[in-house]
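Written out below as structure tokens is the structure these notes cover.
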Amino acid sequence: PDILLEVLDGGHRLSKILPTVAHSVELTISETRTRVLALIQYGVVGVADAKYRELEATLQRLQGLNFFRALDLRRADQAPAIENAFQARLGEYGGIEEDGDSEMVLSLRGRIRATLERARDTLLDDDERALYERAAQLGLDHEQPEVRERLRHELLVGKGKAALARGAHA
């Protein structure tokens with residue numbers, strides 16, 4: 001019914017709108033929940049506004065990029081360029097809250113911001129950046145704990161060998 005589309009289009013949480021919808025269609029809340037979820041599941045009814053869909057597509061695209069591409073950086077770029085790129089991409093990708101954002105949109109903006117922060121923080125930390133770049137060279141997923149542990153051991157062995165070669169035995 002039109003009431004369902006009108007209420008869902010407002011970007012409200014499903015749990016908050018169920019009583020309104022149930023009352024208007026003269027069903028119990030449980031029956032309404034089942035039917036609304038079925039409509040959503042089968043794509044008959046969408047529960048997200050245009051801004052949400054846009055940000056969701058941006059987040060999916062962003063998560064498919066390596067950190068350098070996500071921030072639009074060259075491998076040689078260092079701290080000032082990384083921070084500037086982070087600020088620019090934050091605005092470009094919609095990671096900044098705006099007045100009137102629904103809870104769903106705020107959540108997506110937070111996830112976009114967290115993704116960009118993870119990229120920035122990794123590239124700013126020399127050891128983390130080395131691990132990230134080595135994982136990329138080997139075609140491994142940097143986010144996997146076992147990969148990070150293995151690469152961290154490799155990095156530490158390399159640092160130890162370099163220190164021994166310099167005569168830094170301490």
Does [X] pair with [Y] as a salt bridge, N-O distance under 4.0 Å?
| X | Y | answer |
| --- | --- | --- |
| Asp77 | Arg74 | yes |
| Glu146 | Arg150 | no |
| Arg53 | Glu56 | no |
| Glu117 | Arg113 | yes |
| Lys51 | Glu54 | yes |

Taking atom [atom1] of [X] and atom [atom2] of [Y], what is their separation to the nearest 0.5 Å?
| X | Y | atom1 | atom2 | answer |
| --- | --- | --- | --- | --- |
| Ile112 | Gln60 | CD1 | CD | 10.5 Å |
| Thr122 | Arg129 | OG1 | CZ | 10.5 Å |
| Tyr132 | Glu143 | OH | CD | 8.0 Å |
| Asp101 | Tyr52 | CG | OH | 13.0 Å |
| Leu59 | Arg109 | CG | CZ | 12.0 Å |

Taking all heavy atoms of Pro19 and all of Ile29, pick out the closest pair and write down the distance.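 Pro19 and Ile29 have their closest heavy atoms at CG-CD1, 4.1 Å.
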
Identify the heavy atoms of Leu71 and Phe86 that sit nearest to each other, and give their distance.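 In terms of heavy atoms, the two residues are closest at CD2-CA, 3.9 Å.
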
Should Leu55 and Leu106 be counted in the same cluster of Ile, Leu, Val, Met, Phe, Trp and Tyr side chains packed under 4.5 Å apart?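 Unlinked, Leu55 and Leu106 end up in two clusters.
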
So, does Asp125 use its side chain to make a donor-acceptor pair with the main chain of Asp121 at under 3.5 Å?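 Not confirmed, Asp125 side chain does not pair with Asp121 backbone.
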
Got a donor-acceptor contact below 3.5 angstrom from the Tyr93 side chain to the Ala70 backbone?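 Here the side-chain-to-backbone pair exists.
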
Kindly give the cluster partners of Leu155, where membership spreads through any ILVMFWY side chain lying under 4.5 Å from a current member.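 Members alongside Leu155: Leu131, Leu138, Leu140, Val147, Leu151.
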
Taking side chain as C-beta onward, heavy atoms only, is [X] less than 4.5 Å from [Y]?
| X | Y | value |
| --- | --- | --- |
| Arg61 | Thr58 | yes |
| Arg89 | Arg120 | no |
| Glu133 | His142 | no |
| Glu31 | Glu26 | no |

Who passes side chain to side chain donor-acceptor pair (under 3.5 Å) against Gln144, sequence neighbours left out?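 Gln144 satisfies side chain to side chain donor-acceptor pair (under 3.5 Å) with Asp141 once adjacent residues are dropped.
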
When you look at CZ of Arg118, are more than 12 heavy atoms from neighbouring residues, nucleotides or ligands closer to it than 6.0 Å?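 Enclosed: over 12 neighbouring heavy atoms sit under 6.0 Å from CZ of Arg118.
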
Any side-chain donor-acceptor pair under 3.5 Å between Glu83 and Gln87?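 Indeed, the side chains of Glu83 and Gln87 share at least one donor-acceptor pair under 3.5 Å.
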
